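Notes for the one structure printed next.
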Amino acid sequence: MPTALEVRDYSQFRVVPRTPVIGGWIEGCNLADLDEAGLAELREALWEYGVLFGRGQNLSFDAMKRVALAYGDQLEKHTFAPTKADEGHPEVVVIERLNTDQTKATTDLWHHDVLSRQHPNIMSILQAEQVPFGADTMWASMTAAYERLPHALKLLFSNVEIEHDSLYLMMRHDFGDPTIIEKIVANREHAVHPAIVRHHATGKPCLVVGDAYVQRIKGFETIQSEALIKLANEMSKIPEIQVRHQWEAGDVAIWDNFGTSHYGVSADIGKSLRRLHRVASWSERVRPQPYFVQPLAEAAE
Ligand SMILES: [Fe+2]
């Protein structure tokens, strides 16, 4: 098993682990004040801890974008989620839910963001404006998920590819809002990625299947594909590889979109507003690559 996460002092901040496996508090800095060297350390820290959390950061949208650009040279422009385009920030996605009869939670799925793209997001930075009690967010280490698979399943998943499709996000989960469905149909995205991805920065294997955009295991009959997708998705649910964040206004979470999956806890929020803002980055240079696993007999030689 990999060694447990420890406290680490970087030159412009410190990271204190939240669990032995995933998650760290960033202490001693406001992310807006990091210089280029500090942002390089923040990159290093994210690959180490999987998710970084900062209390009371209250970043401007420009500061969130600057952090995101430390990881990828392109900012995500979402094709169907609401954004802050009207305020000059089309790259800022508004994640919002007012619990009425017409709305449905759309975040309570274990998933990696936008796997339906050829170049999915490398990371996201999410900041809370208002989050009701109980509407937490959870992350799971997909490197740890891979490590917990028996060798035969590592081998199996390393030999398959997953078809992801933005239509399936709607069709599997019945989001129910016809206006969103129309936008998704108009901008339909489809991509095929390995189920075990070799992390672009660390080289470590990550289980990248998910329960949002996933359509099928390429070339498999539906009954086999669904069974294996379910098996892969069960891995995110193991408490030992998870971290859960209870939001306060102004908190920030930054996550590795390949090395972790996440789940927005729906919660009974009554008529309360849940609103967060997200900026994500990607790069044409970062496309999920396969991680090759050797059969045991060969590995032993
Ligand atoms: Fe998400």
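Keep in mind it's a predicted model, so treat the numbers as computed, not measured. Numbering of ligands and ligand atoms starts at 1, following listing order.
Sorting the N, O or S atoms of His111 by how far they are from the Fe ion (ligand 1) puts NE2 first. The Fe ion (ligand 1) is closest to atom OD1 of Asp113 (considering only N, O or S atoms).
When ring centroids are compared, Trp110 and His262 stay outside the 6.0 Å threshold.
One finds no salt bridge joining Glu96 and Arg274 here, because no Lys/Arg side-chain nitrogen approaches an Asp/Glu carboxylate oxygen to under 4.0 Å. Between Arg216 and Glu226 there is no salt bridge, since none of the side-chain N atoms of the basic residue sits less than 4.0 Å from a carboxylate O of the acidic one.
Considering only heavy atoms from C-beta on, Gln224 stays 4.5 Å or farther from Ile217 through its side chain.
Within the 2.8 Å limit, His112 places no N, O or S atom next to the Fe ion (ligand 1).
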